Amino acid sequence: MAEQTIRTVPARRPLRDAIEGRWFPYVMVAPTLLVLTLVAVIPFVYTIFISFQETAFTQFRGFHGVNNFQSLLSDRLFWKALSVTGTILLVAVPFELVIGLGIAMLMHGGVFGSRIIAPVLLLPSVVAPTVVAIIWKVMLAGTWGLATYGIIERFNILPGGSVLGLPTPALTAIIFIEIWQWTPFVALALFAGLQGLPDAPYRAASVDGASRWQVFRYLTLPMLYPLLAVLLLLRVLDTFKIFDTIFVLTGGGPGEATQVLSLYLYKTVFQFWELGRAAAGAVLVWLMFFILASMLYRLFSRRLKLF
Amino acid sequence: MKIRQVLVLCLSLLLVAAACDGDDEAVTRSPEEDTTGPAGTFSLAQAAEPYRDTEIRVLDEITDLQPGFYENVVPLFEEQTGINVDHDLQSHFDVSTNGLADLLSGAGRYDAVMLHRQEFPNALQGNGIEFIDPYLNDASIRDPSIDFANFIGPLDGGTQFGSERICFPNWSYNFVWIGRRDLLEHPDERAAFEAEYGYDLAPPETLQQMRDIGEFFTRQTGESLAGETLTEPFYGYVQDGHRLSTIWQDVWANSIQQFGGDLFDEAGNPTANRPENVAGLDFWASMFEFAPPGAAEVSLVDLPVVLGQERVASMIGFSDFFFTVDTPGGSPVAGNLVYAPLPYDENNPDSRSMGFPFSCLVINPASQNKEATFLFLQWIVSQEAQDAYLESSVESGGGFDPVLISSLEHPAFTSGPRANLNQAIAGSLAVGAIFPLHQNMIEVTDAINQRAQEVLLGQMSAEAALDALQQDLESICPSDCFVEP
């Protein structure tokens, strides 16, 4: 009798096969996508809808064309808020990256107690922005602030004024606080990046007699470019949204000196009840983010070939 | 035995039926029926009977006035009516934002929401107010003893919108002048002041006198003050200068209007750049010459702090902020303050006015408990509640701003440790002037704040600021800007 080859046919499990097969990645991200759709995509689409509506407090009065956008773009305060936001961004972010890189390099080079310093360094970044603002209010408040009373008034640094009571010092203080809060985060991210760099290039550079500056300029920095690019993008987008600190410390004043775009839009919604204009502002801000992020990504991926 | 049990059961059922029948009768009572007792009398307890065990939620502001009121006085209402008042006290800015949001969105989280006068236009235009006229016309819940003629000054007219009534007035916030008693009564200071200015040193009656006092007490390190050598600068005056604060009230009513000007005409057209406005804005900004550094960041809530630090001699501020400051143990200057009504321009005594930022609790159109809420709001302005409030504030050291004329004559108001403050409050309330109902009121106040600060910071002259403000106001609303019924 010839041997019979028994061929087992596995039971059909189409659903399980589908889940564990090529649909597996989509199944895994489906819950997150669902939540994102509910809390981000749908509200955003609704915001775009509102931006084209004529609104009266919480009521819609019909399609309004681009009037909300025109009204916004012709408002002097909108452009002033945009310029203040841009100023903070263009000053604070480079400082954060440069100082953060310096701190990361120091820690990477070996600092006593770095394991303790690292988490302590992160404290400003993990504290809520509102709490940060309160801390600095205690430091800088006119007449009763610790730094105001102990340093500024004592040495007559701002005769007749105070840090938060004068336009330029107030804006400078906001920028300084922003740098103070987020440089540690940048430093720790770059420190982690430095820890992950390969040793081989450095050994080769050592053999070739490269100086420390040459090692940094031609090895360390290029290898950190991808991480720096991501940090730059994150900090630009985050700084653009700055709100809490300014709301608590200055309220956008003195005058318009520290009124950023997010505060301007907040007042448009919650004080002036102009939902249509505020929605138009939100759409414009998103467009700016999108264009900026696209430009940066194109720069990093095509020109610098980082990604 | 069985028969007995059946009889007991029947009797029990009959008693239960009788009790239920009585409740139905109370619930379905028609509005025209008299509430209780002898004809013409009103009983809060009986009027509230259909609403017993109801809970109403109230959103109110937190200053020195509200905590004592809700803690010590509101329980009297709850005991009489069985209506539970769940109150939520929030800061000035939060109650403005959250309150309007609840009224305008229809969410109905609160049955009653506190609105400042400047928020009335938004709420009216957004149909966010339940007028109280239907309830005033309901004999079953209207207390006939509430006399609107007994409301102080413009509180009667200020709570009306055309022929309808928005609310009962609750918090008669007012500005007074506050000064350091020890400095004003020091013999050396009095002699020096009289020698320099030619009149006695005393709480000011006019703005010019207020300025003289501010100038006189502004001293540098090393100079003498009340017989002691200063180790740090001392300042004669401070007032609200913060971008998001209430400087618009100081500028508009307490300064510009008192100097004979105004920012709008009677038709609601912007008139910020009229020549007579310049003097008022100039005066307001010039007072910061005697203020501590950083005036542009001092808000209305910072004023008591600055005074409590003993660095200034005088200020204009809201009276309700000083009940705690001037209570024993409340601050280093407790018991050492003297008060006066808001000063006026000596050249325009007929224009004397105080910006009257009163507020009131309005019924939320989305409330499910409007009648119960009305009973509460009506009771607040009753003589019983106001007397209890005044007496409890004296006992507890809490605040009290009167809304009834009859309260001004109460012994607890005219005498005792608060007599001077109360006298100043009464004087300011007597010249209270309500703000118009501009359809974009909040934007207007924001524009005034901005331009006033720019003058304060020396970025532009008063004249240039008023020209710029005129453009701002015209871009917000070019003409006919007041909300009409």
Side-chain angles (χ1 to χ4, degrees), chain A residues 55-59 71 74-77 80 136-138 140-145 147-150 152-154 156-170 173 246-259 263-264 266-275 277, chain B residues 93 96-98 100-101 103-107 119 122-123 125-128 221 232-233 235 238 241-245 288-289 291-299 302 305-306 308-309 311-312 440-447 449-460 471-472 475-476:
Chain A
T55 58
F57 300 100
T58 57
Q59 297 163 4
S71 169
S74 62
D75 186 356
R76 177 186 65 86
L77 292 175
K80 175 65 180 176
W136 283 101
K137 178 76 173 180
V138 172
L140 298 175
T143 73
W144 57 273
T148 301
Y149 186 77
I152 294 169
E153 279 193 32
R154 187 176 296 276
N156 204 25
I157 295 175
L158 290 172
S162 69
V163 172
L164 300 179
L166 295 171
T168 303
I246 294 174
F247 186 81
V248 172
L249 278 172
T250 63
E256 311 160 316
T258 61
Q259 177 158 281
L263 183 60
Y264 169 81
Y266 168 86
K267 287 164 69 173
T268 304
V269 173
F270 294 108
Q271 292 185 9
F272 308 155
W273 287 93
E274 294 175 3
L275 267 63
R277 283 184 82 223
Chain B
F93 303 106
S96 300
T97 306
N98 296 338
L100 269 178
L103 292 174
L104 295 175
S105 67
E119 290 141 23
N122 279 354
Q125 293 175 93
N127 299 315
T221 305
E232 60 185 16
Y235 304 94
V238 68
H242 195 280
R243 177 70 178 81
L244 290 183
S245 195
F288 287 94
E289 185 184 336
E297 58 170 308
V298 175
S299 73
D302 293 324
V305 174
V306 178
Q309 291 175 326
R311 299 197 71 187
V312 297
N440 302 97
M441 189 64 171
I442 307 301
E443 288 182 76
V444 165
T445 62
D446 191 62
N449 277 7
Q450 181 193 321
R451 296 304 181 190
Q453 247 203 359
E454 286 170 352
V455 177
L456 160 65
L457 295 169
Q459 294 176 340
M460 56 172 72
Q471 291 178 18
D472 294 339
S475 70
I476 293 170

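What you are looking at is a predicted structure, and each value in this text was computed from that prediction instead of being measured. Order of the sequence lines fixes the chain letters, A, B, ..., with proteins taken first and strands second; residue numbering starts at 1 for each chain.
- Looking at A:Leu77, only its side chain comes within 4.5 Å of chain B, counting heavy atoms on both sides.
- The contact between B:Asn127 and chain A is made entirely by side chain atoms (from C-beta outward), counting heavy-atom distances below 4.5 Å.
- Put simply, of B:Gln459, B:Arg451, B:Gln453, the one with the most heavy-atom pairs under 4.5 Å next to chain A is B:Gln453.
- Of the listed residues (B:Thr97, B:Leu244, B:Leu104), the greatest number of heavy-atom pairs within a distance under 4.5 Å of chain A belongs to B:Leu104.
- For B:Leu100, the parts sitting under 4.5 Å from any heavy atom of chain A are the backbone and the side chain alike.
- Proximity of a side-chain donor or acceptor of B:Glu297 to a complementary backbone N or O of A:Ser162 within less than 3.5 Å is not detected.
- Ranked by heavy-atom pairs under 4.5 Å with chain B, the list A:Glu274, A:Gln59, A:Gln259 is led by A:Glu274.
- A pairwise comparison of heavy atoms in B:Ala296 and A:Gly165 identifies CB-O, 3.5 Å as the closest pair.
- In this structure A:Tyr264 satisfies the ring pair (Phe, Tyr, Trp, His ring centres under 6.0 Å) test with no other residue, sequence neighbours excluded.
- Note: B:Met441 CE to A:Gln271 CD = 13.5 Å, rounded to the nearest 0.5 Å.
- Ranking A:Ala257, A:Pro167, A:Gly252, A:Pro169 against chain B, the residue ahead of the rest is A:Pro167, based on heavy-atom pairs under 4.5 Å.
- Of the listed residues (B:Glu232, B:Glu454, B:Glu289), the greatest number of heavy-atom pairs within a distance under 4.5 Å of chain A belongs to B:Glu232.
- Comparing A:Leu166, A:Leu249, A:Leu164 by how many heavy-atom pairs each has under 4.5 Å with chain B, the most go to A:Leu164.
- With a threshold of 4.5 angstrom between heavy atoms, A:Leu263 does not approach chain B through any atom at all.
- Side-chain atoms of B:Arg243 come within 3.5 Å of backbone N or O of A:Gly255 as a donor-acceptor pair.
- Under the salt bridge (charged side-chain N to carboxylate O under 4.0 Å, His left out) criterion, A:Lys267 pairs with B:Asp446, sequence neighbours left out.
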request  = Test side chain to side chain contact (heavy atoms under 4.5 Å, CB included) on B:Asn440 and A:Phe272 and set out the steps.
outcome  = CA-CA 7 Å; B:Asn440 302 97; A:Phe272 308 155; over 6 Å; no

task = Quick one: do A:Arg76 and B:Asp472 satisfy side chain to side chain contact (heavy atoms under 4.5 Å, CB included)? Show the steps, please.
result = CA-CA 10 Å; A:Arg76 177 186 65 86; B:Asp472 294 339; 4.3 Å; yes

